[in-house]
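Not measured: the values here are computed from a predicted model. Excluded from the calculations below are hydrogen atoms, water molecules and symmetry mates; all remaining heavy atoms, backbone and side chain alike, are included.
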Amino acid sequence: MRILILGAGKMGSFFTDVLSFDHEVAVYDINPQRLRFMYNCYRFTSMDEISEFRPELVINAATVKYTLDAFRQVLPVLTSDCILSDIASVKTGLKEFYETSGFRYVSTHPMFGPTFANLDKLSTENAIIIKEGDYLGKVFFKDLYQRLSLNIFEYSFEEHDETVAYSLSIPFVSTFVFAAVMKHQDAPGTTFKRHMAIAKGVLNEDDFLLQEILFNPRTPAQVEGIRTELNELLDIIIRKDAEGMHAYLTKIREKIR
């Protein structure tokens, strides 16, 4: 299969590496410098090259801020039988774009990234395939994710956004709060160092990605839940309520079983 990958970033490089041994893969990026270390694939910097390649599948791995722009840039040089796909963690505007594009499409979300995941061992990681979309496109990604040993779930666009609001906004906001009250530690403990590593990883993400995840319409309710729990915990601490603390710890231990 002829596959064009848009974007030579971390995930674009990952998908190129995974797919290039079984398919004819090309990578397009507007910045030629980012293509220097892309191997076992064609490296494109112009629309003419894409037109001559005639991809059968386009995987959009551009950063969230430029996902739709990247699609719009290549649409004029694609053949009508090409399948569009994205791996975006934020699906804002994508459903509407696909439905008016005139192309078949499939949308997925690998629920992991190079920052924390062990890309050589993904059996504990998850991937979402959006229900709305082309049947053959979904079969392609299901087969790919199964070969990577990922746990696969099928959600609608709506269900995906609900999941992201919960699974990403809560840890992101918690990390922001940790970083906001940060003070330098000459001799940090193990727990502190682990939280610090997570904070550095999260804050290394693209600003626009963090913004879009937190601006998800479902995020405020999740953040409100954090504030409610903090108020309850602060009240227990101020009152030095030993029984209340025991009950609180019991409650939250049940939640993480």
Side-chain angles (χ1 to χ4, degrees), residues 1-16 18-20 23-35 38 41-110 113 127-138 140-141 144 155-158 160-161 164 168 205-217:
M1 194 176 192
R2 293 187 306 279
I3 300 174
L4 173 67
I5 296 175
L6 303 179
K10 294 177 182 177
M11 291 304 286
S13 300
F14 171 72
F15 274 87
T16 300
V18 167
L19 293 168
S20 60
H23 302 276
E24 195 175 357
V25 175
V27 183
Y28 170 78
D29 200 292
I30 58 174
N31 182 357
Q33 295 297 316
R34 302 186 74 182
L35 295 169
M38 304 298 289
C41 65
Y42 298 108
R43 293 177 283 186
F44 293 163
T45 57
S46 74
M47 292 295 109
D48 289 341
E49 291 172 305
I50 295 174
S51 180
E52 292 176 11
F53 183 61
R54 295 175 62 87
E56 298 165 272
L57 172 69
V58 172
I59 300 177
N60 193 333
T63 58
V64 170
K65 185 176 182 179
Y66 300 109
T67 301
L68 291 176
D69 287 341
F71 270 141
R72 294 187 181 107
Q73 187 177 5
V74 301
L75 283 188
V77 297
L78 300 179
T79 57
S80 59
D81 59 345
C82 182
I83 300 174
L84 305 180
S85 72
D86 74 273
I87 55 170
S89 53
V90 177
K91 304 296 185 185
T92 305
L94 279 169
K95 181 180 180 181
E96 294 76 14
F97 168 80
Y98 282 136
E99 290 175 346
T100 59
S101 69
F103 286 81
R104 293 181 293 160
Y105 71 88
V106 56
S107 184
T108 77
H109 181 188
I128 293 174
I129 297 176
I130 302 299
K131 294 176 182 176
E132 299 99 324
D134 180 74
Y135 173 76
L136 291 179
K138 290 189 289 185
F140 173 86
F141 278 97
L144 172 62
Y155 292 162
S156 65
F157 276 108
E158 185 76 13
H160 169 270
D161 289 349
V164 168
L168 293 184
E205 295 285 1
D206 177 74
D207 284 5
F208 189 83
L209 170 64
L210 297 176
Q211 171 187 299
E212 288 300 290
I213 288 171
L214 295 182
F215 287 0
N216 182 326

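Taking each heavy atom of Y155 and E132 in turn, the nearest pair found is O-OE1, 4.4 Å. For the residue pair S89 and V164, the shortest heavy atom distance occurs at O-CG2, 3.7 Å.
Residues that satisfy the side chain to side chain contact (heavy atoms under 4.5 Å, CB included) test with N216, not counting sequence neighbours, are D161, A165, R218, T219. With sequence neighbours left out, the salt bridge (charged side-chain N to carboxylate O under 4.0 Å, His left out) criterion links E212 to no other residue. Partners of F71 according to the ring pair (Phe, Tyr, Trp, His ring centres under 6.0 Å) rule, which considers only residues two or more places apart in sequence or in another chain, are F97, Y98. A search for ring pair (Phe, Tyr, Trp, His ring centres under 6.0 Å) contacts involving F141 returns Y145, not counting sequence neighbours. The ring pair (Phe, Tyr, Trp, His ring centres under 6.0 Å) check on F140 picks up H23, with sequence neighbours excluded.
In terms of modelled atom types and a separation under 3.5 Å, the side chain of R2 and the main chain of F53 share a donor-acceptor contact. Between the side chain of E52 and the main chain of E49, no donor-acceptor pair closer than 3.5 Å is present. When atom types are taken as modelled, the side chain of N60 and the backbone of T67 share a donor-acceptor pair closer than 3.5 angstrom. Judged purely by atom type and a 3.5 angstrom limit, T108 has no side-chain atom pairing as donor or acceptor with the backbone of I87. No donor-acceptor distance shorter than 3.5 angstrom exists from the side chain of D29 to the backbone of P32, with no hydrogens or angles considered. R104 contributes a side-chain N or O that, together with a main-chain N or O of D81, makes up a donor-acceptor pair within less than 3.5 Å.
Sorted by first and then second residue, the pairs that involve residues 58-76 and meet salt bridge (Lys or Arg N to Asp or Glu O under 4.0 Å), not counting sequence neighbours, are D69-R72.
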Side chain to side chain contact (heavy atoms under 4.5 Å, CB included) between F103 and L78, intermediate numbers included: CA-CA 10 Å; F103 286 81; L78 300 179; 3.9 Å; yes

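In this structure, Y28 and S46 have side chains that are not in contact, with every pair of non-hydrogen atoms separated by 4.5 Å or more. Counting heavy atoms from C-beta on, the side chains of L4 and F44 come closer than 4.5 Å. Looking only at side-chain heavy atoms (C-beta outward), I30 and Q73 come within less than 4.5 Å of each other.
In summary, the side chains of D86 and S107 do present a donor paired with an acceptor at a separation below 3.5 Å, with no hydrogens or angles considered.
Checked against H160 for a side chain to side chain donor-acceptor pair (under 3.5 Å), the options K95, K131, H109 give a single hit: H109.
Crowding of L75 atom CG: a count of heavy atoms from other residues, nucleotides or ligands under 6.0 Å exceeding 12.
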